[in-house]
Amino acid sequence: MKQSKYYFVVFLIIIISIFLRFCLLQNQSLWFDQGWSLALSDGTTFQENLFQIVNREAGDKSQPLYYLVLFYWRSAFGDSKFAIRSLSALLGVGSVITIFFTSLRVYGKTHALWSSMILAVSSFSVFYSQDARPYALLIFIASLQIYFFSYSMAEDKSNKIIPQLLFGIFTAI
């Protein structure tokens, strides 16, 4: 495949990914679990949100990162359904891009196209990328983790400390 055609297809996959994740993002109402996402990111300060998350009796207190990021996201972009869900949609698009670069690095151009296209149109990925819940963030972190792991396991003898450090950070997250 010619280089220009290849990059056009990559661009098209990203556009499809953006369209599927942002299309009709505000059309459905927020449901109960998404309401908890709003409640856990509704404080006026970082400390207040962290206190709400840590003192919650149910399971979401073990994954506070999404709610803390959502707090800042809401501060910057507002409280509309579109704004709240767009964080997850953006993370879903980021996952498609990260999987593309991971597959490109490990398997080559053809696998990179197929892997990113499968994730771009995956109903599971699209559904959870339109949800104000931490699932899209978890998929994005896992894709970054795989990327940095593949980078640190490369056969070249160049300095691998940065990818290994980033792999460790995303694994800890």
Side-chain angles (χ1 to χ4, degrees), residues 10-103 112 114-150 166-173:
V10 171
F11 178 74
L12 193 60
I13 290 170
I14 293 170
I15 294 299
I16 289 169
S17 173
I18 291 168
F19 175 75
L20 289 176
R21 280 152 183 80
F22 282 92
C23 182
L24 304 175
L25 199 58
Q26 75 280 2
N27 278 9
Q28 56 182 323
S29 61
L30 296 172
W31 47 282
F32 183 75
D33 283 355
Q34 293 179 29
W36 273 112
S37 295
L38 294 178
L40 293 174
S41 65
D42 205 25
T44 56
T45 65
F46 177 84
Q47 291 83 3
E48 184 180 339
N49 281 320
L50 190 58
F51 180 80
Q52 287 178 1
I53 295 165
V54 170
N55 290 318
R56 183 159 188 252
E57 304 260 339
D60 283 350
K61 69 181 181 180
S62 63
Q63 48 190 356
L65 181 62
Y66 176 77
Y67 307 110
L68 298 175
V69 171
L70 185 59
F71 165 71
Y72 288 112
W73 187 265
R74 290 174 67 189
S75 297
F77 297 105
D79 287 333
S80 71
K81 287 185 279 187
F82 183 86
I84 292 166
R85 289 183 174 145
S86 65
L87 172 61
S88 294
L90 189 63
L91 291 168
V93 173
S95 297
V96 171
I97 294 168
T98 306
I99 289 298
F100 169 78
F101 284 112
T102 303
S103 299
W114 281 108
S115 297
S116 58
M117 182 55 131
I118 288 169
L119 188 61
V121 299
S122 163
S123 61
F124 173 83
S125 179
V126 171
F127 177 80
Y128 287 112
S129 293
Q130 293 183 333
D131 211 2
R133 298 292 293 150
Y135 311 122
L137 176 64
L138 296 174
I139 293 169
F140 181 65
I141 289 172
S143 65
L144 285 173
Q145 191 179 15
I146 294 167
Y147 174 77
F148 289 119
F149 179 74
S150 70
L166 289 170
F167 170 71
I169 290 169
F170 283 106
T171 300
I173 291 173

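- Rounding to the nearest 0.5 Å places CE of M117 at 6.5 Å from CG of L12.
- The number of heavy-atom neighbours closer than 6.0 Å to CZ of F101, taken from other residues, nucleotides and ligands shown, is 12 or below.
- Crowding of W114 atom CH2: a count of heavy atoms from other residues, nucleotides or ligands under 6.0 Å not exceeding 12.
- Here the OG atom belonging to S88 is positioned 12.0 Å from the OH atom belonging to Y128, to the nearest 0.5 angstrom.
- Side-chain contact, R21 with S125: a donor N or O sits under 3.5 Å from an acceptor N or O.
- No side-chain heavy atom of L119 sits under 4.5 Å from any side-chain heavy atom of F100.
- Heavy atoms only, all atoms of each residue included: S116 and V96 are closest at O-CG1, 3.7 Å.
- Heavy atoms from other residues, nucleotides or ligands lying under 6.0 Å from CZ of F82 number more than 12.
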- prompt: Please walk me through it: do Y72 and F46 pass side-chain contact (heavy atoms from CB on, under 4.5 Å)?
  reply: CA-CA 9 Å; Y72 288 112; F46 177 84; 3.5 Å; yes

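- Contact annotation: the side chain of L144 never approaches that of I173 to less than 4.5 Å [non-hydrogen atoms, C-beta and beyond].
- Using cut-offs of 30° and 60° on the angle between ring planes, the pair F32 and W36 is perpendicular.
- Nearest approach of S150 to T102, heavy atoms of both residues: OG-CG2, 4.0 Å.
- For F149, the CZ atom sits in a loose shell: 12 or fewer heavy atoms of surrounding residues, nucleotides or ligands are nearer than 6.0 Å.
- Interatomic distance, L40 CG to I53 CD1, rounded to the nearest 0.5 Å: 5.5 Å.
- Within the model, atoms OH of Y67 and CG of L70 stand 9.0 Å from one another, a figure rounded to the nearest 0.5 Å.
- In this structure, Q34 contributes its side chain and L30 its backbone to no donor-acceptor pair below 3.5 Å.
- Side-chain atoms of R74 and L87, non-hydrogen and from C-beta on, never get closer than 4.5 Å to each other.
- Here the CG atom belonging to L38 is positioned 11.5 Å from the CG atom belonging to D33, to the nearest 0.5 angstrom.
- In plain terms, the two heavy atoms of V126 and A120 that are nearest each other are CG2-O, 3.7 Å.
- T98 and F140 make their closest contact through OG1-CE1, 3.7 Å (heavy atoms, listed as atom of the first residue, atom of the second, distance).
- In this structure, the side chain of S75 engages the main chain of F71 through a donor-acceptor pair within 3.5 Å.
- Nearest heavy atoms, S143 versus I99: CB-CD1, 3.9 Å.
- Closest approach of F22 to V93, counting heavy atoms only: CE1-CG2, 4.4 Å.
- Although no hydrogens or angles enter the test, the distance criterion places a donor-acceptor pair under 3.5 Å between the side chain of S86 and the main chain of A83.
- Side-chain N or O atoms of S115 include none that pairs as donor or acceptor with a backbone N or O of A112 at under 3.5 Å.
- Within the model, atoms CG of D42 and CG of D79 stand 7.0 Å from one another, a figure rounded to the nearest 0.5 Å.
- A side-chain donor-acceptor contact under 3.5 Å links Q130 to the backbone of C23.
- At distances below 3.5 Å, not a single donor-acceptor pair connects side-chain atoms of N49 with backbone N or O atoms of L68.
- One N or O on the side chain of S37 and one on the backbone of A132 form a donor-acceptor pair closer than 3.5 Å.
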